[in-house]
Student: 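The structure is given below, and queries will be raised subsequently.
Just so you know, ligand 1 is whichever comes first in the structure, and atom 1 is the first atom listed for that ligand. Computed from a predicted structure; not experimentally measured.
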Amino acid sequence: MKTTGIVTGIVSNLVTVKVNGPVAENEICFINLGGVKMMAEVIKVNGENASVQVFESTRGLKGGDKVEFEGRMLEVQLGPGLLSSVYDGLQNNLATMDNVFLQRGEYTDPLDRKKTWSFTPIAKVGDKVVAADWLGEVKEGWLPHKIMVPFSFEGEFTVKSVKEAGDYTVDTVIAVLTNDVGEDVNVTMVQKWPVKVAVKGYKEKPRPNKIMETGVRVIDTLNPIAEGGTGFIPGPFGCGKTVLQHAIAKQGDADVIVMAACGERANEVVEIFTEFPELIDPHTGRHLMERTTIICNTSNMPVAAREASVYTAMTICEYYRAMGLKCLLLADSTSRWAQALREMSNRMEELPGADAFPVDLSSIISNFYSRAGMVVLNNGQTGAVTFIGTVSPAGGNLKEPVTESTKKAARCFYALEQNRADQKRYPAVGPLESYSKYLEYPEIISYLDETVEKGWVDKVLKAKNIIRKGKESAEQINILGDDGVPMSYHVNFWKSELVDFVILQQDAFDAIDALCPLERQRFMLDLVLEICAKDYDFEDFEKCREFFKNLINELRQMNYSAYESEQFWSYNDSVKSMIA
Ligand code: ADP
Ligand code: MG
């Protein structure tokens with residue numbers, strides 16, 4: 001029998017319920033408001049009283065309204081058809097604009113139940129299988145989508161039957177498995193999984209050992225992110241967090257992309273709706289949306305739904321990772337999610353931590369980041385979830401709790417700087433504050449040695465050093481004046497400007513410059529370092545400035561020309577003659 005209860009208190013989305021039986025933390029319940037059933041999640045249980053956060057507006061709710069508990073946690077449905085879908089945090093299908101304005105208590109089906117998928121069996125009768133093992137495959141777009149033994153299945157099963165190749169709907173029983181006590185269980189193409197629990201079903205989770213190419217020079221060249229790695233982009237409003245994330249989404253070397261747009265301005269979400277489906281995948285020439293799932297919540301949706309959205313997005317990524325695919329999860333912005341946690345914690349009058357965030361904010365964030373990673377599946381193949389989140393610290397203050405907690409959890413830090421954005425030096429990633437801890441991993445260093453160039457990491461450090469020296473020189477020039485410093489200060493400053501304009505800056509809106517493959521990044525860094533390795537002397541600082549400005553101009557023309565085109569080589573020749 002289901003546990004039921006009645007509403008005893010309401011503070012906005014936080015509702016207290018007196019219950020008549022057992023309820024569990026994170027259990028889902030429905031509150032009946034005049035026939036409309038509103039979904040809510042238990043966040044605290046205290047004797048007969050449960051605090052639940054309602055995923056909808058609680059307008060009109062009153063004491064005495066009835067509540068029914070479901071005995072399950074917030075789940076996501078996993079199956080073919082997730083890709084190219086747009087959902088909200090509760091996996092309501094927002095494919096049509098009508099659905100963006102769902103009525104209260106209205107929930108839509110996340111998967112198309114009528115569509116048929118062309119299925120090919122992988123497992124054979126008599127095979128021994130465990131959770132996450134592959135039973136068959138359908139083509140989702142052009143990606144092989146594995147139909148797996150559900151993640152919730154415990155122990156070993158024997159395959160009793162598998163459907164032969166053919167077209168089936170997601171609810172068709174495609175396999176019957178027998179458990180160790182001889183009971184038969186049916187498997188369809190759909191399984192459910194509680195979003196707040198990490199999906200298991202892999203053999204091991206070793207340290208990442210290769211990098212994920214993003215086509216963005218400040219990332220790949222200076223602070224690369226590992227495949228299965230974690231990173232975050234903090235930055236004040238308007239500094240380019242969203243543009244950078246979209247660039248990574250467009251170009252990142254991943255099979256599947258999940259974008260969690262979590263409560264920034266409402267019009268941004270509309271932009272995702274309209275722009276994303278238009279984008280062409282530079283790797284395949286097909287629509288990027290074919291291998292993308294978007295989860296979106298705007299700031300005008302209830303806070304609880306925002307928290308759910310990042311978990312829903314992560315679970316979908318883990319599902320595709322279990323198929324041996326490379327997945328990229330982007331969440332914009334995780335601050336909105338943290339604020340949702342804060343609102344709830346404050347309403348419950350919990351003892352607050354720093355800036356009134358919940359005391360366990362740090363562990364909530366690191367638990368979430370730790371779900372990313374590269375895994376070795378039971379069959380020896382690998383899959384990865386790479387996670388990059390943005391953080392929008394109020395007033396650009398990087399000492400606030402969400403940024404600090406995220407810094408502990410993520411291995412890459414891409415700090416966007418207001419003054420770089422003001423000068424239109426995009427992407428505004430600060431070259432000296434930002435870092436990638438993967439550059440210290442021996443496996444990553446040897447990977448870069450083999451795939452990019454021997455001694456690559458040393459070159460990267462050299463480039464960072466040029467920027468550091470240039471910054472120091474600029475400070476001296478500012479204090480002592482152009483004529484008060486030796487020529488070498490001007491040369492150092494202009495060498496760092498050269499690295500800045502040619503390597504760091506990249507036009508996300510230029511068809512060629514936007515996507516810079518690693519091979520091309522190697523060529524440009526080598527060229528820039530060759531230029532910077534030389535000693536230069538000038539009669540006066542104005543000659544120095546003119547020389548470097550002309551050089552930077554030619555190098556930027558190279559960035560805007562197709563790699564290895566005639567034009568590219570002619571600029572290259574001109575650069576070489578200038579430094580001869
Ligand atoms: P945020 O998400 O941090 O609030 P946005 O990503 O929306 O900021 O960026 C704000 C604006 O900055 C963009 O509309 C664009 O004009 C400019 N911008 C940001 N990054 C770039 C880039 N890489 N190239 C060119 N313009 C950029
Ligand atoms: Mg933004």
Student: Checking the side chain of Gln506 only, and the main-chain atoms of Gly215 only, is there a donor and an acceptor separated by less than 3.5 Å?
Tutor: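 Side chain of Gln506 to backbone of Gly215, a donor-acceptor pair under 3.5 Å: yes, one is there.
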
Student: Is Cys239 close enough to touch ligand 1? Criterion: a residue heavy atom under 4.0 Å from a ligand atom.
Tutor: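 Cys239: in contact with ligand 1 (<4.0 Å).
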
Student: Enumerate donor-acceptor pairs with a distance under 3.5 Å from any side-chain N or O in residues 455-463 to protein atoms, sequence neighbours excluded.
Tutor:
from	atom 1	to	atom 2	distance (Å)
Lys459	NZ	Glu453	OE2	3.0
Lys459	NZ	Asp526	OD1	2.7

Student: Show me which atoms of ligand 1 lie under 4.0 Å from any heavy atom of Phe237.
Tutor: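 Within the 4.0 Å cut-off of Phe237, ligand 1 contributes 4 (O).
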
Student: Is it the side chain (CB and beyond), the backbone, both or neither of Gln506 that lies under 4.0 Å from ligand 1, heavy atoms counted?
Tutor: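 Just the backbone.
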
Student: Going from OG on Ser434 to CG on Asn223, what distance comes out if it is rounded to the nearest 0.5 angstrom?
Tutor: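 One finds 6.0 Å between OG of Ser434 and CG of Asn223.
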
Student: When you compare ligand 1 with Leu244, is there at least one nitrogen or oxygen pair between them that comes in under 3.5 angstrom?
Tutor: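 There is no such contact.
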
Student: Could you tell me whether the Mg ion (ligand 2) has an N, O or S atom of Thr390 under 2.8 Å away?
Tutor: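 False for Thr390.
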
Student: Looking at ligand 1, does any of its N/O atoms fall within less than 3.5 Å of an N/O of Val243?
Tutor: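 In this structure, Val243 places an N or O atom under 3.5 Å from an N or O of ligand 1.
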
Student: Name all residues meeting the ring-ring contact (aromatic ring centres under 6.0 Å, His included) criterion together with Phe493; count only those two or more places apart in sequence or in a different chain, and write none if there are none.
Tutor: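 Testing Phe493 for ring-ring contact (aromatic ring centres under 6.0 Å, His included), a comparison that skips the adjacent residues, returns none.
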
Student: Please confirm whether the ring centroid of Phe232 lies under 6.0 Å from the ring centroid of Tyr414.
Tutor: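 That pair fails the under 6.0 Å test.
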
Student: Near Pro236, which atoms of ligand 1 are under 4.0 Å from a heavy atom of that residue?
Tutor: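 So the answer, numbered in order with elements, is 3 (O).
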
Student: Against heavy atoms of Thr242, which atoms of ligand 1 measure under 4.0 Å?
Tutor: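 That gives atoms 2 (O), 6 (O) of ligand 1.
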
Student: What about the rings of Tyr536 and Trp494, do their centers lie closer together than 6.0 Å?
Tutor: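 So the answer is no for these two rings.
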
